[in-house]
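Before I ask anything, let me first share the structure, which is written out below as structure tokens.
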Amino acid sequence: MKAEDVKAMLQAYTSDADAVNLQWFFKTGPGEYGEGDQFLGVRVPMIRKVCKEFRQLSLGEVQKLIESPLHEHRMAGLIILTLQYPRASNQAKNDIFDLYMQELTKRNINNWDLVDVTCRQIVGEHLQGDRGQLYELAKSNNLWERRVSIISTFAYIARGDASTSLDLAELLLCDREDLMHKAVGWTLREVGKRCDEQLLRDFLDRHARGMPRTALRYAIEHLPETQRQYYLSIKKT
């Protein structure tokens, strides 16, 4: 199995119209967060279908995919890592995690979909026993490292543990990037939905007045209407 084989199979599912739409959707214009990214026009279900055929691809070949200038190649490489990680030996898990973090540092994991589809299964799972590195990522100057820090905590939310999610939400609450406002609000919403709604309300009681409106709207999405209006009214005042 080679990276070139993955690329060839992905090519069979390309769409010129989807490539144009994806370049617009992922903000690839000058000065936008995805500036310069290139798309084949392959949708995620098709990427996943291809990845299942190549789940045994060596890390060296996976790395070639993640370092491609084409978005779908990078997505495929990262999804293959998520397929490999759960069944890997401890040493192999270390190697997968190290490759993921290396490519994050090299700015090859550089859009919100690449982060959101993959970091929970690798970074979140790998750091569940020692989460200090997540706090370091949250302090990074790089948007995608900060997003990895908080989205990775979905691995803990799924187990009913909201502690790290709430810590990082507070740390990142006033981030300068709207994409982080969405990530923080989404995380808080899932804390209320999957862990304990009271934890969410306690957080909002402390922070709703100073939260970015985008984060607040995401966070209150599943609360009863009366509570949503209450927190929105606090924000206005």
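Hydrogens, waters and symmetry mates play no part in the numbers below; they use all other heavy atoms, side chains included. Please read all numbers here as calculations on a predicted model, not as lab measurements.
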Inset, instruction - Please work out whether the ring planes of Trp144 and Tyr33 are parallel, tilted or perpendicular, with thresholds of 30° and 60°. - result: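 The rings of Trp144 and Tyr33 stand perpendicular, inter-plane angle above 60°.
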Legend entry - Contact check, side chains of Leu10 and Lys7, non-hydrogen atoms, under 4.5 Å: no
Legend entry - Phe54: partners by ring pair (Phe, Tyr, Trp, His ring centres under 6.0 Å), with sequence neighbours left out: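 Residues passing ring pair (Phe, Tyr, Trp, His ring centres under 6.0 Å) with Phe54: none at all.
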Legend entry - Where at least one partner belongs to residues 162-172, residue pairs that pass side-chain hydrogen bond (donor to acceptor under 3.5 Å, both in side chains), sequence neighbours excluded: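 Checked against side-chain hydrogen bond (donor to acceptor under 3.5 Å, both in side chains) - neighbours excluded - the pairs reaching residues 162-172 are Arg131-Thr164, Tyr135-Asp167, Thr153-Ser165, Asp161-Ser163, Glu170-His207.
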Inset, instruction - Taking the six-membered ring for Trp and the single ring otherwise, decide whether the centroids of Phe26 and Phe39 are under 6.0 Å apart. - result: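 So the answer is yes for these two rings.
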Inset, instruction - Just jot down the ring pair (Phe, Tyr, Trp, His ring centres under 6.0 Å) partners of Phe154, sequence neighbours excluded, or say none. - result: Trp186
Inset, instruction - Please name all residues satisfying side chain to side chain donor-acceptor pair (under 3.5 Å) with Thr14, sequence neighbours left out, ordered by chain then number. - result: none
Inset, instruction - With sequence neighbours excluded, tell me which residues meet side-chain contact (heavy atoms from CB on, under 4.5 Å) with Leu70. - result: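 Partners of Leu70 under the side-chain contact (heavy atoms from CB on, under 4.5 Å) test: Gln38, Leu40, Ser68, His73.
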Legend entry - Side-chain heavy-atom pair Gln133, Phe97 within 4.5 angstrom cut-off: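 Result yes, sub-4.5 Å side-chain heavy-atom pair found.
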Legend entry - Flag, side chain of Arg147 to backbone of Leu179, donor-acceptor distance under 3.5 Å: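 Yes, because the side chain of Arg147 sits within donor-acceptor range (under 3.5 Å) of the backbone of Leu179.
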Inset, instruction - Using side-chain hydrogen bond (donor to acceptor under 3.5 Å, both in side chains) as the criterion, point out the one residue from Asp113, Asn110, Asn111 that pairs with His71. - result: Asp113
Inset, instruction - Determine yes or no for a side-chain-to-main-chain donor-acceptor pair under 3.5 angstrom, with Asp130 supplying the side chain and Leu127 the backbone. - result: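 Not confirmed, Asp130 side chain does not pair with Leu127 backbone.
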Legend entry - Side-chain (Arg146) to main-chain (Ala138) donor-acceptor, under 3.5 angstrom: no
Legend entry - Trace of the side chain to side chain contact (heavy atoms under 4.5 Å, CB included) decision for Val123 with Met101: CA-CA 8 Å; Val123 180; Met101 297 305 295; 3.9 Å; yes
Legend entry - Pro224: partners by side-chain contact (heavy atoms from CB on, under 4.5 Å), with sequence neighbours left out: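 Expected list: Glu197, Thr226, Gln227.
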Inset, instruction - Examine distances only and state if a side-chain atom of Ser233 and a backbone atom of Tyr230 form a donor-acceptor pair shorter than 3.5 Å. - result: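 Flag set: sc Ser233 to bb Tyr230 pair under 3.5 Å.
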Legend entry - Criterion side chain to side chain donor-acceptor pair (under 3.5 Å) on Thr187 and Tyr218, from CA distance to verdict: CA-CA 9 Å; Thr187 302; Tyr218 271 72; over 6 Å; no
Inset, instruction - State whether the side chain of His181 and the backbone N or O of Arg213 hold a donor-acceptor pair below 3.5 Å, judged by distance alone. - result: no
Legend entry - The single option from Asp205, Leu188, Ile220 passing side-chain contact (heavy atoms from CB on, under 4.5 Å) against Leu200: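 Answer to the side-chain contact (heavy atoms from CB on, under 4.5 Å) test with Leu200 among Asp205, Leu188, Ile220: Leu188.
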Inset, instruction - Spell out, as yes or no, whether a donor-acceptor pair under 3.5 Å connects the side chain of Lys235 to the backbone of Met211. - result: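 Confirmed, Lys235 side chain pairs with Met211 backbone.
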Inset, instruction - Answer with yes or no whether the hydrophobic clustering places Val44 together with Ile151; edges join I, L, V, M, F, W, Y residues whose side-chain heavy atoms lie under 4.5 Å apart. - result: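 No, separate clusters.
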Legend entry - side chain to side chain donor-acceptor pair (under 3.5 Å) partners of Arg206, counting only residues at least two apart: none
Inset, instruction - Could you name each residue pair satisfying salt bridge (Lys or Arg N to Asp or Glu O under 4.0 Å) that touches residues 66-82, not counting sequence neighbours? - result: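 Non-adjacent pairs meeting salt bridge (Lys or Arg N to Asp or Glu O under 4.0 Å): Asp37-Arg74, Glu67-Lys106.
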Inset, instruction - Mark yes or no for whether Glu53, through its side chain, and Val50, through its backbone, hold a donor-acceptor pair below 3.5 Å. - result: no
Inset, instruction - Name all residues meeting the ring pair (Phe, Tyr, Trp, His ring centres under 6.0 Å) criterion together with Tyr231; count only those two or more places apart in sequence or in a different chain, and write none if there are none. - result: none
Legend entry - With Lys64 via side chain to side chain donor-acceptor pair (under 3.5 Å) - residues at least two apart: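 Glu61.
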Inset, instruction - Give a yes or no on whether the backbone of Gly29 and the side-chain of Glu32 come within a donor-acceptor separation of less than 3.5 Å. - result: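 Present.
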Inset, instruction - Determine, step by step, whether Val115 and Ser152 satisfy the side chain to side chain contact (heavy atoms under 4.5 Å, CB included) criterion, reporting the C-alpha distance in whole Å, the side-chain angles of both residues, the deciding distance to 0.1 Å, and the verdict. - result: CA-CA 9 Å; Val115 170; Ser152 293; over 6 Å; no
Legend entry - Any side-chain heavy-atom pair of Ile150 and Val184 under 4.5 Å: yes
Legend entry - Any Leu78 side-chain heavy atom under 4.5 Å of Val117 side chain: no
Inset, instruction - Verify, without hydrogens or angle tests, whether Glu125 (side chain) and Arg120 (backbone) share a donor-acceptor contact under 3.5 angstrom. - result: no
Legend entry - Which residues share a side chain to side chain donor-acceptor pair (under 3.5 Å) with Tyr156, sequence neighbours left out: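 For Tyr156, no residue satisfies side chain to side chain donor-acceptor pair (under 3.5 Å) once neighbours in sequence are set aside.
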Inset, instruction - Would you please say whether a donor-acceptor pair under 3.5 Å links the side chains of His126 and Tyr85? - result: yes
Legend entry - Test item: Ile66 and Leu81 side chains (from C-beta on) under 4.5 Å apart, heavy atoms: yes
Legend entry - Criterion side chain to side chain donor-acceptor pair (under 3.5 Å) on Gln102 and Asp98, from CA distance to verdict: CA-CA 6 Å; Gln102 173 185 319; Asp98 288 345; over 6 Å; no
Inset, instruction - Please determine if Asp178 and Lys182 form a salt bridge, counting it only when a charged side-chain N lies under 4.0 Å from a carboxylate O. - result: yes
Legend entry - Test item: Glu35 side-chain N/O and Gly31 main-chain N/O as donor-acceptor pair under 3.5 Å: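 Yes; at least one donor-acceptor contact below 3.5 Å.
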Inset, instruction - Walk me through it: do Leu57 and Leu65 pass the test side chain to side chain contact (heavy atoms under 4.5 Å, CB included)? - result: CA-CA 11 Å; Leu57 195 66; Leu65 292 172; 3.8 Å; yes
Inset, instruction - Output all residues satisfying salt bridge (charged side-chain N to carboxylate O under 4.0 Å, His left out) with Arg107, sequence neighbours left out; order by chain, then residue number. - result: Glu145
Legend entry - Transitive ILVMFWY side-chain link Met46 to Val20, under 4.5 Å: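 No, Met46 does not connect to Val20 through the hydrophobic network.
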